[in-house]
Undergrad: 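Starting off with a structure, shown below.
In what follows, every chain begins at residue 1, and chains take the letters A, B, ... in the order their sequences are listed. Values in this document were obtained by computation on a predicted structure and should not be read as measured data. For the numbers below, each heavy atom of this structure counts, side chains included, while hydrogens, waters and symmetry mates do not.
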Amino acid sequence: MPELPEVETMVRGLRPALRGRLVHRIDLHDPSMLLGCPAGEFAARGSGVCVEEVERRGKWVVIGLADDRGMIVIQPRMTGGFWLVDPPRPEHVRATFRLANPEASVWFCDARRLGRILWFDGPESAATAIDRSQGPDALKVDRDDLAARLSRTRRAIKPTLMDQKVLAGVGNIYADEILFEARLHPSRVSAELSPREVDRLHAVIAPVLLKAIAAEGSTFDAGYRTVLGLEGGFLAVNSMYGRAGQPCKGCGDPIQKTKIPGLIGRPTYLCPRCQPSS
DNA sequence: CGGTTACCCTGGATGC
DNA sequence: TGCATCCAGGGTAACC
């Protein structure tokens, strides 16, 4: 579920709760979600460690441990999330970080169990693995870097924006919002965008994501919540996702829900008038 | 190599 | 009500 704004909101909530704290123990309730460490060693490696930092890389949460004890990378993927308050569905808790002095718990929950918990021995091995699959962060990418990356592929622009190797952080909801703000059709060939269109695209990426962060992300149905269990407010103020049939904010024509080639299964919301395909 | 698809999972909504 | 079907915001391996 979570894209960059949701993970950034998670990290901002987790950081004050975890940074500098002693982890007495990590209980792993679903060993199949753990990679990079034998499940049998996880308890020992995760005991008596101090959390040095909590960061975000794209849609991933990176927890750095002090004294060279390693790095934990958590990929929430579709339905993963952290709770600082009692999770409403205890059966979905997959890992529990038990803190000491004072005692507290941080829960990682994931209904669909698609999330992953990766263990790395040190910052270097973690950085190598992360860099291999994560491009520049969508909040920080500079215009010419983005242009160069788009010029290298003839895929449609929407799947390109959602390719974490190209740009880290954008998923299905924010890709639609970004492409509408840039007035670009999601099926446009990435390498065929004009310099001015790349300017337009680059100019809207960070503002869209920052607006979503300010709203604490996007919540619908039983999905994402903040670490305090609150709903994100972005879908109350967004322009596209979930608004099929509603008037486009640009021209008033009805927003279309459709599928575009290159994105299996996922819906795309667009305004055919404001986002012409050529 | 670039691009596309299948698959991993489960809960909730929808439809008959 | 019960059951089947479809849908979902991600990531990666396998395939062509």
Undergrad: Quick one: which of C/dG9, C/dA8, C/dT12 gets closest to the side chain of A/Glu6?
TA: C/dG9

Undergrad: For C/dG9, does either OP1 or OP2 sit under 4.0 Å from a side-chain N or O belonging to A/Lys59?
TA: no

Undergrad: Relative to the 5' end of DNA chain B, which residue comes earlier, A/Ile264 or A/Glu91, by the nucleotide with the nearest heavy atom?
TA: A/Ile264

Undergrad: I need the residues from residues 143-152 of chain A with at least one non-hydrogen atom less than 4.0 Å from DNA chain C; give them sorted by number, or say none.
TA: none

Undergrad: Rounded to the nearest Å, what distance is computed from the CZ atom of residue A/Arg225 to the P atom of nucleotide C/dG9?
TA: 16 Å

Undergrad: Taking B/dT14 as the reference, what is the distance to C/dG9 when you measure between their P atoms (whole Å, please)?
TA: 16 Å

Undergrad: Atom NE2 of A/His92 to atom P of B/dT10: distance rounded to whole Å?
TA: 9 Å

Undergrad: To the nearest Å, how far apart are A/Met33 CE and C/dT12 P?
TA: 14 Å

Undergrad: Looking only at side-chain N and O atoms, does A/Tyr174 come under 4.0 Å of OP1 or OP2 in C/dG9?
TA: no

Undergrad: Select base, sugar-phosphate, or nothing to describe what A/Gly265 touches, counting heavy atoms under 4.0 Å on all strands.
TA: sugar-phosphate

Undergrad: Between C/dA14 and B/dC9, how far apart are the two P atoms, rounded to whole Å?
TA: 15 Å

Undergrad: Given atom CD of A/Gln75 and atom P of C/dA13, what is their separation to the nearest angstrom?
TA: 11 Å

Undergrad: Using a cut-off of 4.0 Å on non-hydrogen atoms, how would the nucleic acid contact of A/Asn172 be classed: base, sugar-phosphate, or nothing?
TA: sugar-phosphate

Undergrad: For side-chain contact (heavy atoms from CB on, under 4.5 Å), just list the numbers for A/Ile213 and A/Arg12, CA-CA rounded to whole Å, side-chain angles, deciding distance to a tenth of an Å, and then say yes or no.
TA: CA-CA 10 Å; A/Ile213 291 169; A/Arg12 289 182 185 188; 3.4 Å; yes

Undergrad: Is A/Val166 reachable from A/Ile173 through a run of I, L, V, M, F, W or Y residues, each pair having side-chain heavy atoms under 4.5 Å apart?
TA: yes

Undergrad: Ignoring hydrogens and geometry, is there a side-chain-to-backbone donor-acceptor pair from A/Arg56 to A/Gly58 under 3.5 Å?
TA: yes

Undergrad: May I ask you to check whether over 12 heavy atoms, not counting those of A/Asp67, lie within 6.0 Å of atom CG?
TA: no

Undergrad: Check the side chains of A/Lys158 and A/Ser187 for a donor-acceptor pair under 3.5 angstrom, ignoring hydrogens and angles.
TA: no

Undergrad: Is A/Asp110 paired with A/Arg77 through a side-chain N to carboxylate O contact shorter than 4.0 Å?
TA: no

Undergrad: Is A/Arg113 side chain donor-acceptor paired with the B/dC9 base, going by distance under 3.5 Å alone?
TA: no

Undergrad: If only side-chain N and O atoms count, and only distance matters, is there a donor-acceptor pair under 3.5 Å linking A/Asn238 with A/Lys211?
TA: no

Undergrad: Check the distance between C/dG11's P and A/Ile130's CD1 and give it to me in whole angstrom.
TA: 13 Å

Undergrad: Before accepting this row, confirm whether a basic side-chain N of the pair A/Glu231/A/Arg225 lies closer than 4.0 Å to the acidic partner's carboxylate O.
TA: yes

Undergrad: Give the rounded distance in Å between these two atoms: CG of A/Asp110 and P of B/dC8.
TA: 16 Å

Undergrad: Would you call A/Arg98 and A/Glu103 a salt bridge, taking side-chain N to carboxylate O under 4.0 Å as the test?
TA: no

Undergrad: Can you tell me which stems involve DNA chain C, if a stem is defined as three or more consecutive Watson-Crick or G-U wobble pairs, both distances under 3.5 Å?
TA: B:2-8 with C:10-16, B:10-16 with C:2-8

Undergrad: Applying a 4.0 Å non-hydrogen cut-off, can you work out what A/Arg89 is touching in the nucleic acid: base, sugar-phosphate, or nothing?
TA: sugar-phosphate

Undergrad: B/dG11 C1' sits how many Å from A/Arg94 CZ, rounded?
TA: 11 Å

Undergrad: Cut-off 3.5 Å, side chains only: do A/Arg155 and A/Ser190 have a donor facing an acceptor?
TA: no

Undergrad: With a 4.0 Å cut-off on heavy atoms, is A/Phe220 in touch with a base, just the backbone sugar-phosphate, or nothing at all?
TA: base

Undergrad: For the side chain of A/Ile173, starting at C-beta, report the closest nucleotide among C/dG9, C/dG11, B/dT10.
TA: C/dG9

Undergrad: Determine, for A/Phe180 and A/Arg183, whether the Lys NZ or Arg CZ falls below 6.0 Å from the six-membered ring centre while staying within 45 degrees of the axis.
TA: yes

Undergrad: To the nearest Å, give me how far apart CZ (A/Arg77) and C1' (C/dA13) are.
TA: 11 Å

Undergrad: Which nucleotide wins on minimum distance to the side chain of A/Leu114, given the candidates C/dA8, C/dG11, B/dC8?
TA: B/dC8

Undergrad: Return the orientation label for the A/Tyr174 and A/Phe234 ring planes: parallel under 30°, perpendicular over 60°, tilted otherwise.
TA: tilted

Undergrad: Would you tell me whether A/Thr96 and A/His29 have side-chain atoms, one donor and one acceptor, within less than 3.5 Å of each other?
TA: yes

Undergrad: Using a heavy-atom distance cut-off of less than 4.0 Å, which residues of residues 153-168 of chain A contact DNA chain B?
TA: A/Thr153, A/Arg154, A/Arg155

